[in-house]
Q: 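After the C-alpha cells below, expect a handful of questions from me.
Quick note: numbers below take in every heavy atom, side chains included, and nothing from hydrogens, waters or symmetry partners. Quick note on labels: first sequence line is chain A, next is B, and so on, each numbered from 1. All values derive from a computational prediction rather than experimental measurement.
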Number of protein chains: 2
Amino acid sequence: MSVESLSALDRSTLRERSLEALRSAILSGRYRPGDHLGEVELAGSLGVSRGTVREALRHLQQEGLVTTGNRGMLRVNSLTSAEVRELFRVRAALEGLAVREVIASARREAAAETLRAAVERLSDEDEAAARIEADLAFHLLLCQLSGNSMLVEAWQRLEGRMRVAILNGAAWQAPMMARDRHVPIVEAIERGDVEAAVRVVDEHMTAAAEHFAEATESA
Amino acid sequence: MSVESLSALDRSTLRERSLEALRSAILSGRYRPGDHLGEVELAGSLGVSRGTVREALRHLQQEGLVTTGNRGMLRVNSLTSAEVRELFRVRAALEGLAVREVIASARREAAAETLRAAVERLSDEDEAAARIEADLAFHLLLCQLSGNSMLVEAWQRLEGRMRVAILNGAAWQAPMMARDRHVPIVEAIERGDVEAAVRVVDEHMTAAAEHFAEATESA
DNA sequence: GGGGGGAACACTGTCGACAGTCGGCACGGA
DNA sequence: TCCGTGCCGACTGTCGACAGTGTTCCCCCC
C-alpha cells in the first residue's frame, strides 16, 4: 500500500550535501592549510555544478574554514598560535556564561545529570576522532543546557575554528579530552558552586589553549 | 517593497553591493519582520541576476538578519524578547572579556585614551541613527582594543542580531546610548580596576537588555 | 644570455534558462 | 455544506555558458 517513503536524507539539497562533503574533507585533513580550492575542480569531483559548490564555499568562508586569497580565490584556512590562544579565551568566556546560566537555571539538577552522562561518553581509549567528537559534544551540550540560544549560536560559530585548531595538533590531543578534565566541571555544577565551576572551566580552557598553541607552533 | 538600483561605477563586486544594499534595506526598516524576500523580485529591483542576490541572501541568513521560512523561502528575521535578553547576556560575557584583556594589555593607557575619544562622539542630541552607530562603534572599538581577533569576530557575528533588536525598539533607545552610560567603563579601564570595569559593563548590558526586551514585547 | 611583449591559460563573476516542488484555488461529488 | 482532487501559478534548486581579468610561460629581440 505505502509507497517507499522518501528518506529525510534524500530531502537534503545538493548544496547541503556538498557543504558537508567539503567541510569533512577539510576537517579530515584531506586538504592542507593554504591549499587552493578551485570551483571547477571541486564541482567536477563532487559531481555538481559550479554554482552549487560556490555557495558551499561561501558558507565555509563564513565559518572560517576557508579564507579568501589573492584574487578572490579561496584556500584552506589555518590559525596562528596566537589566534588559537585567543580562540580559547573567547570560549572560556562563553562557556563561563554557560555554567553560570546552567547553575542559575531551575533545571540545574536535570542538566547536571545529562552532563554526567555525557562525561561518561568521554572514553580514554577510543579513537582520536571519536574522542574529539565526544569532547566537542560535551561542551556544546553545556551551552545548550544553559537555554541561551544566542550563546549556542555564538559557540557553534566558533566550532569551525576550533576544529581547525584541533586538526593542527591532532596527534597530541590525547590528554586534553580526558574524562578527568571534565568531571570537575560537572561536580561544581552539581554542587551549585558558581565560582568553582567558572574557575574550572577557565583552567580547562587555558590548559587546552597552551596545548594546542604549542602544537601549532611546532607544526 | 523595493531596493534602489546599484550604481555601476564601483570597483567592488555586484555580490558585495547587493549584500550591502539588502542589509541596509532591512536594517533601515524598509522590510518588516516576516516579510518574504523573493529572489526574482529582489533580482529585478537590484538589476542583477538571481544567483547574485541568492548569494547575498545566504550571507544575510548566516548573519541572522534573514531566516528560512516554510519552503526554503527567506524572510526578514525578528527576535523574541527572550532572545534579546539572551543576546545581551552573551554580549556582556564577550565585552567583559574585552575589558579584562584591555586592562591586562601593555597598551592600556593608549587604549583608554582612544576609548575616551570615542565616548566623546556619543552625543546626546544627534539623530537616532547616528547615536546607534556611535554606540556600536564604541563597543566594537572596545573589542578591537583587546587585540583578540577571535573576540572581535565573535562580536561582529552578533552585531547583525543586535541591530535587529535595536530596530525593534528604535523609538525608545534614547537613554541607552547616552554618554553617561559609557563614561564609567572608560574610567574603570583608566584606573585599571578590573572588577569595577566588568561590573559596569555587566550592568550596562543588563539595563540595555531590559530596555530592548520591553520594547520588543510592546511591539 | 637576459629582458620585454604577447598569447594562451586558468580562474572567478555573472547571467539566463530549465526543472522540481509546494501552496492555493476552483470544481465536482457525497 | 464539506471533502477530495486535479490544475495552475510561484518560487527555489541547479545547471551550463559567456565575459572579464590576472597569471604564466614561451618566443623574439637586443
Side-chain angles (χ1 to χ4, degrees), chain A residues 1-23 25-26 31-32 34-63 65-77, chain B residues 1-23 25-26 31-32 34-63 65-77:
Chain A
M1 183 64 193
S2 81
V3 185
E4 186 80 8
S5 78
L6 291 103
S7 95
L9 259 127
D10 293 336
R11 274 295 230 245
S12 70
T13 63
L14 277 180
R15 181 182 64 85
E16 286 165 356
R17 270 177 284 174
S18 304
L19 175 58
E20 196 49 48
L22 283 176
R23 180 158 37 208
I26 294 175
Y31 297 108
R32 296 267 156 209
D35 274 4
H36 170 56
L37 298 174
E39 296 176 357
V40 287
E41 180 189 343
L42 293 175
S45 63
L46 285 170
V48 296
S49 89
R50 253 189 65 222
T52 305
V53 310
R54 187 183 173 83
E55 281 192 47
L57 283 174
R58 287 253 125 84
H59 198 104
L60 256 31
Q61 184 181 9
Q62 279 203 299
E63 280 184 31
L65 267 65
V66 142
T67 184
T68 165
N70 238 353
R71 199 177 85 220
M73 291 188 189
L74 297 176
R75 54 190 171 76
V76 179
N77 199 7
Chain B
M1 195 98 161
S2 86
V3 196
E4 291 103 24
S5 210
L6 272 33
S7 79
L9 284 94
D10 207 324
R11 199 50 55 105
S12 62
T13 65
L14 278 180
R15 182 182 64 85
E16 286 164 356
R17 270 178 286 170
S18 303
L19 176 58
E20 195 50 47
L22 284 175
R23 180 158 38 208
I26 293 175
Y31 296 109
R32 294 272 153 208
D35 273 3
H36 169 56
L37 298 175
E39 296 176 357
V40 285
E41 180 189 343
L42 293 176
S45 62
L46 285 169
V48 298
S49 89
R50 253 190 65 223
T52 305
V53 310
R54 187 185 173 82
E55 281 191 45
L57 284 173
R58 286 253 126 85
H59 199 103
L60 256 30
Q61 185 180 9
Q62 279 202 297
E63 281 185 31
L65 266 63
V66 142
T67 183
T68 163
N70 239 354
R71 201 175 89 217
M73 292 189 190
L74 296 176
R75 55 190 172 74
V76 178
N77 199 6

Q: Which heavy atom of A:R75 sits nearest to which heavy atom of A:G34, and what is that distance?
A: CB-O, 3.7 Å
Q: How long is the gap from CD on B:E55 to CG on B:L19, to the nearest 0.5 Å?
A: 10.0 Å
Q: Say whether, by atom type as modelled, one donor and one acceptor occur between the side chain of B:S18 and the main chain of B:L14 under 3.5 angstrom.
A: yes
Q: Without decimals, in angstroms, what is the distance between A:L42 CG and C:dC11 P?
A: 11 Å
Q: Whole angstrom is fine here: how far is it from CG in A:L14 over to P in D:dG13?
A: 11 Å
Q: Between A:E20 and A:R23, does any NZ, NE, NH1 or NH2 come within less than 4.0 Å of an OD or OE carboxylate oxygen?
A: yes
Q: Measure from CD on B:E55 to C1' on D:dT14 and round the result to the nearest Å.
A: 14 Å
Q: At under 4.0 Å, does any side-chain N or O of B:S49 touch on OP1 or OP2 of C:dC15?
A: yes
Q: When we call it a touch if two heavy atoms are under 4.0 Å apart, what does A:V48 touch: a base, just sugar-phosphate, or nothing?
A: sugar-phosphate
Q: Indicate, with a heavy-atom threshold strictly under 4.0 Å, whether A:R50 touches base, sugar-phosphate, or nothing.
A: base
Q: Given C:dT14, C:dC11, D:dC11, identify the nucleotide with an atom nearest to the side chain of A:V40.
A: C:dC11
Q: Rounding to a whole Å, what distance do you find between A:M73:CE and C:dA10:P?
A: 12 Å
Q: Return the value, rounded to whole Å, for the distance between atom CD of B:E16 and atom P of C:dG13.
A: 9 Å
Q: Expressed as a whole number of angstroms, how long is the span from A:H36:NE2 to C:dC11:C1'?
A: 7 Å
Q: Does a side-chain N or O of A:T52 approach OP1 or OP2 of D:dG13 to a distance below 4.0 Å, or not?
A: no
Q: Looking at every strand, decide which applies to B:G51 at a 4.0 Å heavy-atom threshold: base, sugar-phosphate, or nothing.
A: nothing
Q: Considering non-hydrogen atoms only, spot the tightest contact between A:V76 and A:R32 and give its length.
A: CB-O, 3.5 Å
Q: So A:L37, base contact, sugar-phosphate only, or nothing? Heavy-atom distance under 4.0 Å.
A: sugar-phosphate
Q: Just to confirm, is there a sub-4.0 Å distance from OP1 or OP2 of C:dT14 to any side-chain nitrogen or oxygen of B:R15?
A: no
Q: CD of B:E39 versus P of D:dT14: gap in Å, rounded?
A: 11 Å
Q: Output the rounded distance in Å from CZ (B:R58) to P (D:dT14).
A: 9 Å
